[in-house]
Each structure stands twice: as C-alpha cells, then as structure tokens.
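Remarks on the structure that follows.
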Protein chains: 2
Amino acid sequence: MMDERRKAILRVVVEEYIETAQPVGSTHVARAPHVTVSPATVRNDMVALEQDGYLHQPHTSAGRVPTDKGYRFFVDTLVQPGPLDEDELQQVGSFFAKAHGALEEMLHDTSRLLSGLTDYASVVVGEPPEDATVRSVQLVGLGARHVLVVAVLSNGAVTKAHLELADEIGEGRLAAATTHLSRWLIGAVLGDLPPVPPSGDSLVDAAGAAAVSALRSAAHRPDPEQVFVGGASRMAAAFDAVDSVRRVLGILEQQYVVVGLLRGVLDRGLSVAIGGEHGVESLLECSVVVAPYEVEGEVAGAIGVLGPTRMHYPKALAAVAMVSQRLGRRLSDDA
Amino acid sequence: MMDERRKAILRVVVEEYIETAQPVGSTHVARAPHVTVSPATVRNDMVALEQDGYLHQPHTSAGRVPTDKGYRFFVDTLVQPGPLDEDELQQVGSFFAKAHGALEEMLHDTSRLLSGLTDYASVVVGEPPEDATVRSVQLVGLGARHVLVVAVLSNGAVTKAHLELADEIGEGRLAAATTHLSRWLIGAVLGDLPPVPPSGDSLVDAAGAAAVSALRSAAHRPDPEQVFVGGASRMAAAFDAVDSVRRVLGILEQQYVVVGLLRGVLDRGLSVAIGGEHGVESLLECSVVVAPYEVEGEVAGAIGVLGPTRMHYPKALAAVAMVSQRLGRRLSDDA
DNA sequence: GCTGGCACTCGATGCTATCGAGTGCCGGAC
DNA sequence: GTCCGGCACTCGATAGCATCGAGTGCCAGC
C-alpha cells in the first residue's frame, strides 16, 4: 500500500540519508517541505515501510535507513534524471569541445571527466571490436622467431599481438606474408575473418595462420587498452571503513570483473544496479550506474559510475546519460 | 657516536616497529637476542639516538618510533637485501618461465607480480623510446581528414598517433606517404629522426610532416601505455586512516607524478626514497624502492614498490632487485 | 485517521578511576 | 667510567558509570 504520502516519506528518507549518511528520524522527515503531517504519523508510515522492506532500522531508538529495495523504488519511480548544474554542463561541453587525439586517449579522459562530475569511481569500456573492419594488417619482425602483428581497425583502434613462430622467418618472407594477409583481410569484419587461402609458401602460411588466430581471439574480448578505471581515490572518501575501501579497490583492480559488471548491468540503455543486484559480493555496499554509448547507431562501449549504495543517483544518472550521449556523438562525427 | 650497541638497538626498534606499527619500548628491545644489556642501558642509548635524530618519541611515556633518518640509516648500513623465501623465488621463477606475449602485457603482469610479492603498490614504467629504432611506419586513413600513424619500434612497442590533416587525402596518397616515410625512417633512431626530403607531392609531404612530428613528440615522453600501477588496494591495508589512503591513491592515479617520482629516485641502480626524501608532499608517509631494468645493457625502464615508510625494506629491496634483473634478462633474450 | 503526549530504548558523550607500559634519573656495583 | 637495579612519575588506553537526547511505540483524544 504505497500511497502518495508514503512515497514522499520514503523520498525524504532516501534523500536525507544520501546527504548525511545518518539514519533519518521521524522529526526530520516531518520538518521537510511536502510532508505536512506530524512526526507521529510519519512514524506509523515508517513502520509500514519497514515491514514492506523499503526501510531498515539499525537498532531500536535509531532512525531509518533505506534498504536496497528502498533505493530501487527511489530510482525507479521517485527520480527523474535531474538536469545537471549550469557549470557542470559547461564542463562537459568544454571537455568535448577540446577533446582530441586517439580513441584511447579520449576514453581515458572521459573516465576522468565522469569521476570529476560525480565524485565517484568511473569506468569506461570499449566494446570488443567484433564489428569493426580491418583497415590494415602488418607483420613486423622483432627478432629471430618473434613477430608482431599490428592491425588497424575502422573504429580507430590498433590491435597488436606477439607471435612466436616455430621457425625463423626473414624480412622478405614477412613482407610477403603481410601482402598476402592484406589482400584477404583488409575490409573484412574482425569478428568474422574469412579463411586465408594458402600462398604456396609454408613459412608465410604459418605466420599468416598465427596472425589470423591472434586477431580472431582479439575480436571477442574487449581490448584491455580500452578499459579505463578512474577516480578510485574518490571512493575512499565515500566509505569510512578502511576495509570497505580495500575490498572495493581490489575489485576495481580486476578489470575483467569490472567489465563483466558493466556487461551484466547493461540490459538496455541507462540502468542502475543497487547493492546486491549486480551479484559481486565485495560490492554489496556499492551501486553502479551504466549507459552504453553508440557510435553511428551501433553500441560501441559502455561508461559507468561506481559509488556507494547511498550515491547521489539523480546526479549520477544525469552525468552518465549526458556523457555517454556526448561521447557517442563526438566519436561518430569524427570517424 | 654510533657504536655497535646503538646500531643493534636502532635495528631492533626499526624491525619491531615495521612488524607491529607500535612504538617500541626499552624492555622489548632488551629482550631481543643480540641485545645483552638491561632495559635501563637501552633507555640511555635511546635518549642518545633520539637526540641524534634517529628515533622519535610520540609522547612522554611512550616507546620510540624510527624517524626517516632512522630508516635511512637502517637501509644504508643495517640491511643487506636479504634473500627471498624459497617459495617467493619459485613464484618469480615460474612467472618468468611462463611469461609471454606483448611487451605491455609483460610489464603489466610484472607489476602484479611485484605487488603480490611485497604486498605494496607497485609501479612499472617503460623508458621513453628515444633509443629505439623504427621498424615500421604506416599511415592508415580513418575518415576524410583523419589519419592514424602507427610505428613499430625495435623494443616491441607500438606507437600510434592521431593526425588531423588540413586537407583530405585519398588512399593512394596515403600509401605513397607510407612508402616515402618508410624509406627514410625505417632503421632510424626515434629520438633522432632524420629530416624527410620532399617527395614532390605537397599532400604527401604534409601528412609526412605531421606524422614525423607526432613521432618526435612520442620519443621523449614515456608511453602512457607503458606505465602500470598495481596493487593500490594493498596500500589501503597498510594505513589505517582513510584520509591517508585517499591521498596516496590520488597520487597513484596521476601517472605523471608517479613517473616523475621514479625518475627522481632512480639515481643509480637500486635505490630507496624514504618519507620526505622524494619530495612529494602527499607521500610523506610513504617510501619508494626503485630499480632500473636493463635490456641488452641499456636502461629500458624502471620498476618500483611504494609502501608506507614502515615498509619491510629487506623484502622490498630483494623483490625489486630480483624482479628488475629477471625482467631485463627476459626482455633481452627475447628480442 | 491524524495528532499530542508519554514512557521507554539505547547509542553517544563525557567524566573519573584505574592500569600499565614506558620513561628519566639516581645511586651503587663492578 | 660504564652498567644496572630501583623508584617515582607520565600519560595514553581501558573500563565503568551517569547523563543526554534523538528516536521509537503506543495510546487516548480530537
């Protein structure tokens, strides 16, 4: 039975708790504008909200704290991604106005921007380049049996892989292999590379095969050079137990967990995972706000913000939405 | 007046404090083996050590804590880089046995290894590739006026830069520019690229000039893709004030500060900066242990460990020395 | 159904007493 | 002279205790 008054009360509790990190009492709630009833009435409703699982009482004679369910309701029905402040808008604007340089640099800076806007940790992940096409392939010798494959993709990324061949291969053969591969691979979609027919030279074919298999495996995992985590130090400020900080940092250091996290949450568009919802045990006290960004209509990656469950959702939602949209637009008109 | 007994006392205080993080009292010291005098005598010596600036007393009636000067003396004259444990040695061994893949991957994993060994944050930085020679240069078009220069260097690194040209340039012209640049740049030392003579085509020359200048500027700054900071979460465990953690993390996030820090400390070989010695204000409570690694006789980068001033120096020194040596050897026989 | 009133809870705060690890110093022994 | 035992003293840490007050639940009355 969630009538308007209870919604209002829940909203005040959540907002107040996000601000102060202190359990919120009935008197505080009653003093808020838009709540016109007395503390006693608020108390009655709070009991109901607690029974329904939206609020929690740390101990008798303490105020109430939102549960994950409470935050969820708040995010789903009580909050519209409030607009950004004037100067934050300007910050985003001027960032994208002067952003330049390579894709990686841009994603990296975007991560800093997001942390700066929200004061939480931020994550920026490029999608695996399955749909990108190959613009260039080259084999470069580094020593007797060591070869580097370097491929430039249509999205501006550069994939490289280190090959160790069974036999030595000379410069001439490498050049031949490069030419041969280029003929068959340039223009192909990375996630669906065509078979490369034999060239008649077994050494060339061996190198080619190694290169193709390296590229194939690069197609399906996000380039580790396109995963950026920023603002971890800001997380420290949000928690007061050193131990929590340690746990969260530990997760942020494991890029594959972070990438999985974003993937998991990113069902459709802008979304939020609160507390336990994302299923990463060490991040029970954290929420994640994520949005994909699209380059020329295709999802090209995701950006997100990781903060405490009591994060400032309206602001985080607004920032993530804004930045993902601008980033996508920026990367589109650039290509 | 630093006689043998005082050295022994200082050593015990430092070792004890590193272990327990508690001020060390005279009774504790007197109980240690190798100290054969009574607590009273220890106290007298402690007063002297304090007057000479090696120890500090947080307050009357507390034990003594080493000062930076005390740690310095400890590191310089009381400690020989103790050998690693058996299983740590094995850990390093098996790491380098199965290490493989591209340069960046290797450096990244090395950073993890170091954090794992020491339980502190670790930093791995590749040197700016000034001395590397160019193995391959290529220009790849990404859109009307956008071009990517990709150069492969003799050290296995791949440098790329994004160019925005004044005029559109077609595929044919780009290929011509690539050929032209290759003729003049392949084999050249990156830090001392020769002038590229005009080709007779102004568009080609414009692209070439832009590419060369991008490469030149890449020569002198360490590739941001070759800076790896790992194990930040382990720092959190070493401090108990959230605020300290925050400060240190903030620094670790600023790669240029970290790089500068390593540079500054890296006078000659294995070295240590304690507390204030490295001149980074937010890291007053931290020490850094650094060593260069050499590939084929040339310094190719540096690795280091960042921990609290009360870090376990013998272990850190041993780990850094061992890993830098093995890393260098590994990268040498590979090339 | 809302509200004011009221007794009750319980963490937080502050005070005091006590404890004990540690110190400095002094006077005596080797 | 150097070392050591003894002793009074300091002072942070810990524990106990009273107090405070924000907050609650409940009930009777409007």
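Side chains are part of it too, since the values below use all heavy atoms of this structure and drop only hydrogens, waters and symmetry mates. Letters A, B, ... are given to chains in the order of the sequence lines, protein chains preceding strands, and every chain is numbered from 1. Keep in mind that this is a model prediction, so the values were computed, not measured.
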remark   = Each nucleotide of nucleotides 16-27 of chain D classed B (base within 4.0 Å of a protein heavy atom), S (only sugar-phosphate) or -, in 5' to 3' order, makes -------SBBB-
Rounded interatomic separation in angstrom, taking CD from A/Gln22 and P from C/dG11 = 15 Å
message = Are B/Val29 and B/Met46 packed together at the side-chain level, in the sense that at least one heavy-atom pair is separated by less than 4.5 angstrom?
response = yes
remark   = From CG of A/Asp45 across to C1' of C/dC2 the rounded distance in Å is 10 Å
ask   = Does NE2 belonging to B/His59 count more than 12 external heavy atoms closer than 6.0 Å?
value = yes
task = Look at the side-chain N and O atoms of A/Thr41 and state whether any lies under 4.0 Å from the OP1 or OP2 oxygen of C/dT3.
result = yes
message = Is it the case that over 12 heavy atoms from other parts of the model lie below 6.0 angstrom from the NE2 atom of A/His278?
response = yes
request  = Identify whether the distance between the nearest side-chain nitrogen and carboxylate oxygen of A/Lys7 and A/Asp3 falls below 4.0 Å.
outcome  = no
Length of the NE2-P vector between B/His59 and D/dG12, whole Å = 5 Å
task = For A/Arg72 and A/Val272, indicate whether the former's side chain and the latter's backbone hold a donor-acceptor pair under 3.5 Å.
result = yes
ask   = Are any side-chain N or O atoms of A/Lys69 and backbone N or O atoms of A/Leu55, one a donor and one an acceptor, separated by less than 3.5 Å?
value = no
Rounded interatomic separation in angstrom, taking CZ from B/Arg6 and C1' from D/dC3 = 13 Å
